[in-house]
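Every value quoted in this text rests on a predicted model; they were computed, and no experiment measured them. The sequence lines fix the lettering, A, B, ..., with proteins before strands; numbering per chain opens at 1.
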Amino acid sequence: MSMGKPVDQTLAREFGLSAEEYARVLDIMGRTPSLTELGVFSVMWSEHCSYKSSRVWLKQLPTTAPWVIHGPGENAGVVDIGDGLAAVFKMESHNHPSFIEPYQGAATGVGGILRDVFTMGARPIANLNALRFGRPEAPRTKAIVDGVVRGIGGYGNCVGVPTVGGEINFHAAYDGNPLVNAMTVGIARKDRIFLSAAAGIGNPVVYVGSKTGRDGIHGATMASAEFAADSEEKRPTVQVGDPFTEKLLIEACLELMATDAIVAIQDMGAAGLTSSSVEMAGKGAVGIELDLDHVPQRETGMTAYEMMLSESQERMLMVLRPDREDVARAIFEKWELDFAVIGHLTDSGRIVVRHNGVVEADIPLGPLAEQAPLYHRPTVETDKQPPLNPARVENRWMLADALAKLIACPDLCSRAWVWDQYDSTVGGQTVKRPGAADAAVVRIDGSARALALTTDCTPRYCLADPEAGGRQAVAEAWRNLIAVGAKPLAITDNMNFGNPEKPEIMGQFAAAIRGMSDACRVLDFPVVSGNVSLYNETEGRAILPTPAIGGLGVLEDAAQAVGIAIAPWLDLVLIGATVGWLGQSLWLREMAGREDGAPPPVDLAAEKAAGEFVRAQILAGNVRACHDVSDGGLLVAVAEMAMAGGTGVRLSTGPREIPGHAYWFGEDQGRYVLAVPEGAALLRAAEAAGVAAVRIGTSGGQDLTLPDGGTISVTALRAAHERFFPSWMGT
Amino acid sequence: MKAGIVVFPGINRERDMAIALELASGAKPRMVWHQETDLSGLDLVVLPGGFSHGDYLRCGAMAAQSPVMGAVRAFAAQGGYVLAVCNGFQILTEAGILPGALLRNASLRFLSMDCHLRVERADTVFASGYRRGDIFRALMAHGDGNYFADTHTLDRLEGEGLVAFRYAMPNGEITPEANRNGSQRNIAGIYSPNLRVLGLMPHPEDLVDPLMGGIDGKPLFDGLAAAFTPLRAA
C-alpha cells in the first residue's frame with residue numbers, strides 16, 4: 001500500500017478487494033473513491049469484518065432459546081441466568097498476530113475479547129482460552145507457547161479477570177499457524193444491557209480510552225495481503241496491549257454505565273474507528289459525521305486514512321445523551337483516560353469524515369452494508385473413513401504401560417505449568433480452578449449462583465469427519481458443563497479453518513456447521529456469539545479444522561458443583577455405552593502411531609439422556625466426583641480422577657466381547673465416570689432412567705490396580721503426568 | 001471495625017479484600033480513592049493487591065507517590081494499623097514504610113498457586129487468630145514477590161522478631177522448595193517495629209470461604225475484627 005499511489009484497481013487489489021468488488025465500490029460511489037474511502041470499503045468488506053465466505057453457512061446455526069437475550073450480531077452473546085442477571089460472553093481468535101509476535105498477539109487477543117464483553121455493560125468475571133500449537137519439536141513451538149502463555153497471563157492478570165480454564169493441543173498442522181482463541185464471560189443486570197445501535201440525530205459521538213497511533217493499520221485486511229518487499233508503509237500489524245489502560249477503561253465504562261448517559265457503545269476492535277462508527281450508525285439507520293481533528297493522537301502528522309484504519313488498542317466509541325456529556329467527561333477524567341467528542345449523528349444515512357477542514361470520506365452507509373460481498377463458495381466434502389475394527393489393531397502393551405505413556409504425552413499431560421502463570425482466583429469467586437473439574441466454576445458475587453465454563457474441540461476428529469467433529473465439539477462442551485452439575489445454556493463458537501477459496505476447506509466448514517447445528521438443536525444449546533478465522537494456512541498447508549466451542553452453563557447453587565477428585569472408598573460407575581472405539585483415538589496415535597479410522601460418533605439422543613441423568617444425580621447430592629470420558633478414554637479418565645484426589649482405584653474386568661485396549665482407551669462418546677458412596681443405588685436409578693451404567697471399580701489405596709494384573713502407583717502416575725511441560729520449558 | 005481499602009488505579013483485589021473484611025466484621029469497608037487524604041476514623045487501612053499503574057515503572061513505585069500515601073504514612077506514624085497485601089506490600093516498600101524490596105520471582109514467571117505460611121509470631125493484631133508455628137495455606141498470585149533486603153536488614157528483622165510469615169512446606173519445614181519465588185530467608189511477610197503495619201505477598205483474603213477451596217486465611221480477618229470490635233455489655 002502506498003499513500004502516493006493513485007486509487008485504482010491495482011491499489012484496491014493490494015487492499016484485498018477483488019476486481020468485481022472494486023467495480024461495486026465504483027458503482028456505489030459513482031466516482032473514484034478517495035484513499036480513505038477505499039480503506040473503509042476494503043476493511044468493511046474484508047473476510048474478517050464481512051464474513052463474506054462464512055455468512056451463508058453461519059445462518060444455519062440455531063441461535064434461539066427462551067433464555068437467549070441477544071444472539072449473534074451484537075458485540076457478544078447474552079443469556080438470562082436467573083435472578084435478573086445475564087451472562088455476556090464470546091470467544092475470538094488472534095491466530096495470525098500470535099504467530100508473528102506471540103506475547104503481544106495473545107495479550108491483545110485477551111484485551112479485545114474483554115472489550116467485546118464490557119462494552120455491553122457486563123463486568124468480566126472469567127477468561128478462558130483454547131490454544132493449538134505445532135509439534136513440541138518444531139523449531140518455533142517452544143517460543144510461541146512461552147510467549148502466548150506469558151501474553152495471556154500478562155494481560156489477564158493485570159486487568160484482574162481470572163483465567164479459569166481452556167485447552168491446549170499440539171499437532172504438526174499448527175506448526176506454522178498456532179491458534180489462540182480467547183473467551184471472556186461477564187455479568188450484567190439483564191435490564192442494563194448496552195447495545196451498539198446509534199440513535200438520536202445530533203447526539204455527540206465520543207471517543208474514550210487510549211490515543212490513536214499508527215499501529216495495526218489495515219490489520220483486518222493485511223493478514224492475507226501481498227506486500228512489496230520495499231513497501232515503505234510495511235509496519236508490524238500486531239498491536240501492543242496496555243492492560244493497565246484496559247483496567248481503567250473497564251472501571252470507567254462500568255461507572256458511566258451506572259448513569260443514563262450512554263445511548264450506544266462499541267469497542268474499537270478490528271478496523272478500529274471505521275468499523276465501530278460504520279456499524280453503530282448502520283445498525284441505528286442514521287448518518288454519522290466525524291471530525292478527525294478531535295481524535296486523541298499519539299503520533300503527529302497522522303492522515304485521515306491512518307486514523308480511520310488504525311487498530312490501536314483500548315479504545316471505545318460511544319453515542320451520549322447531549323445533556324450528559326459533562327457527567328461522562330468527569331468520569332473519564334477521574335480515570336485519567338482520553339475523552340473527546342469527535343462527531344455527531346446525522347440524518348444523512350452517510351458517513352462523512354473530515355480532517356483539517358477537508359472531507360476525506362463520504363460514503364452511503366446503506367449500500368456499504370447491503371452490497372457487501374457474500375459468497376457461496378464451492379464445497380467438496382471430506383471422504384469418510386471406515387470405522388476401525390479394534391480386534392484388528394495389535395496391542396502389545398500392558399494397560400499400565402500404555403496409561404503411563406498416554407498421560408505423559410503433550411496432549412494429555414498436566415497443564416499446571418501453564419495454569420500456574422494465570423491468576424485464576426482474583427475476584428474471590430473461583431469455585432473450581434483449572435484442572436479441578438471438567439468445567440471452571442465461578443460464583444457470581446452477591447449471589448448463590450455460579451457459572452460453569454468450558455472450551456472444547458477435538459480437531460483430529462474434525463479432520464477425519466468435519467460433521468462428526470462439529471457435533472462432537474458441541475456435545476463435549478455440553479457434557480463438561482453437565483459434569484459439574486450445571487444446566488448448559490449456550491455456546492460461542494470460534495471457527496478456525498484454512499483458505500475458504502479451496503473447496504475442500506469450505507467443505508470442512510459447511511460440514512462442521514451441520515454437525516454443530518445438529519448438536520445445538522438436540523441439546524437445546526444455541527450459538528449466541530462467535531468469530532470466524534479463515535486463511536489459517538502456511539505455505540498452502542491448512543490447520544486441522546478447528547471449530548472451538550465455548551460453553552456456558554449455570555448452577556443455581558454454587559455449592560452443588562462437583563469436581564473430578566475422588567476420595568477413598570467410593571464406587572466408580574461408568575455412565576454411557578462403550579463399544580471400544582479406537583478410530584482417531586489418542587491411544588491409536590501415541591501407541592500404534594496411526595491417525596486413521598472414523599472418529600467416534602455422537603448419539604445425541606443417548607447423549608441427552610445420559611447427561612440429564614448425571615445432572616439430576618449431582619443435584620440430588622448423590623455424586624462425590626464426576627468426570628467425562630474424552631481424550632484417552634476410560635482409563636485416562638479414571639487416572640485423572642485418582643491423581644486429582646490422591647487416591648488409588650481397583651478396577652474390575654471389562655466386558656469379554658471388547659478387547660481390553662479398546663475398552664479402556666477407546667474414545668466412545670457420551671460417557672461419564674461418577675464416584676458415589678453407593679454404586680448399587682446409582683445402577684438401579686440408571687436402569688430406571690434407561691441409561692447405560694456399569695460399576696467399574698472402587699477407590700482406595702495408593703495404586704491403580706488394573707484388570708490385566710498390572711499396577712501403577714498414583715505417585716508414579718503424577719510424576720509421569722507432570723513431567724512434560726517443566727522439562728520441555730526447562731523450569 | 002472501620003476498615004478503609006485504598007484504591008489505586010490498576011488495583012484489582014480490592015473486592016476480594018472487601019469480601020473478607022465484611023465477612024469477618026459484618027461491616028462494609030470504605031473504599032478510599034488514591035487522591036483522597038483523609039483517613040480519619042479508620043481502625044485499619046488496607047492496601048490491596050493488583051497492578052497499580054500497571055506495575056509499569058516498578059511494582060508500587062508510582063502508587064507510592066500518590067496523594068493518599070502521605071496520609072497512610074501519617075496514619076502509620078501515629079500508630080494506626082495497616083495491612084498491605086501483594087501490590088500493597090510492594091507499595092509500602094517503595095514508600096519506605098517497610099524495609100526491603102520485592103524483586104522478580106526467581107523463575108522470572110508469574111506464580112499463581114497455593115503456598116503454605118508458617119506463623120512466626122502470633123502476639124500481633126494480625127496473627128492473633130493463629131498460634132505461633134501454625135501452618136496455613138494462602139494463595140500466591142504475583143510476578144514480583146521475591147523479598148530482598150541486605151544482610152544487615154534481614155538480621156535486624158529477625159533479631160527484632162519482625163518476620164511475620166515464612167514460606168513453608170505443609171509440614172512446617174522451611175525449605176528452598178517451599179520458597180517458590182526465591183525470597184530471602186523464605187520471608188513472606190514482615191511487620192513494622194511497632195507490629196502495627198503488616199506487609200505480605202500471598203493472599204489470605206482469597207481463602208475465607210470453604211466454597212473457594214478453604215478458610216485458612218479467615219483467622220487473620222477474624223483476629224482483626226475481634227481486635228477492633230468494641231466489647232459489648234453482656
Report the relative orientation of the aromatic rings in Phe244(A) and Tyr56(B); use parallel for angles under 30°, tilted for 30 to 60°, perpendicular for over 60°.
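Ring orientation of Phe244(A) relative to Tyr56(B): perpendicular.
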With only heavy atoms counted, which part of Leu211(B) is less than 4.5 Å from chain A, the side chain, the backbone, both or neither?
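Contact with chain A: backbone and side chain both.
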Which bit of Asp209(B) comes within less than 4.5 Å of chain A, counting heavy atoms only: side chain, backbone, both or neither?
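The side chain, not the backbone.
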Any non-hydrogen side-chain atom of [X] less than 4.5 Å from a side-chain atom of [Y]?
X: Met140(B); Y: Thr425(A); answer: no
X: Arg150(A); Y: Phe110(B); answer: no
X: Asp420(A); Y: Ser112(B); answer: no

Take atom [atom1] in [X]; do more than 12 heavy atoms of anything else shown fall under 6.0 Å from it?
X: Gln184(B); atom1: CD; answer: yes
X: Arg109(B); atom1: CZ; answer: yes
X: Arg180(B); atom1: CZ; answer: no

Distance-minimising heavy-atom pair for [X] and [Y]:
X: Asp423(A); Y: Arg13(B); answer: OD2-NH1, 2.6 Å
X: Gly54(B); Y: Cys158(A); answer: CA-SG, 4.2 Å
X: Leu248(A); Y: Pro9(B); answer: CD2-CB, 3.7 Å
X: Gly160(A); Y: Asn12(B); answer: CA-ND2, 3.3 Å

So if I take each residue of residues 20-30 of chain B and look for any heavy atom under 4.5 Å from a heavy atom in chain A, which residues do I end up with?
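None at all.
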Given the options Gln35(B), His142(B), His53(B), which has more heavy-atom pairs under 4.5 Å with chain A than any of the others?
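So the answer, after comparing Gln35(B), His142(B), His53(B), is His53(B).
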Calculate, to the nearest 0.5 Å, the distance between atoms CD and OG belonging to Gln421(A) and Ser107(B) respectively.
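Gln421(A) atom CD to Ser107(B) atom OG measures 7.5 Å (nearest 0.5 Å).
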Please report the interatomic distance OG(Ser424(A)) to CG(Leu139(B)), rounded to the nearest 0.5 Å.
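So the gap between those two atoms works out to 7.5 Å.
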Within residues 429-436 of chain A, residues adjacent to chain B where the heavy-atom gap is under 4.5 Å:
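Under the 4.5 Å heavy-atom cut-off, Gln429(A), Thr430(A), Val431(A), Arg433(A) qualify.
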Between Met113(B) and Trp419(A), does a side chain to side chain contact (heavy atoms under 4.5 Å, CB included) hold up when you go through it step by step?
CA-CA 9 Å; Met113(B) 57 185 62; Trp419(A) 306 327; over 6 Å; no
Less than 4.5 Å to any heavy atom of chain B: does that hold for the side chain of Asp445(A), its backbone, both, or neither?
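For Asp445(A), side-chain heavy atoms alone lie under 4.5 Å from chain B.
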Which region of Val159(A), side chain (C-beta onward) or backbone (N, CA, C, O), has a non-hydrogen atom less than 4.5 Å from a non-hydrogen atom of chain B, or is it both or neither?
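Backbone of Val159(A) only, per the 4.5 Å heavy-atom cut-off to chain B.
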Given side chain to side chain contact (heavy atoms under 4.5 Å, CB included), test Ile11(B) with Glu251(A) step by step and report yes or no.
CA-CA 11 Å; Ile11(B) 282 293; Glu251(A) 299 303 332; over 6 Å; no
Among Gly153(A), Gly427(A), Ala558(A), which residue forms the greatest number of heavy-atom pairs with chain B at distances under 4.5 Å?
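Result: the option with the highest number of such pairs is Gly427(A).
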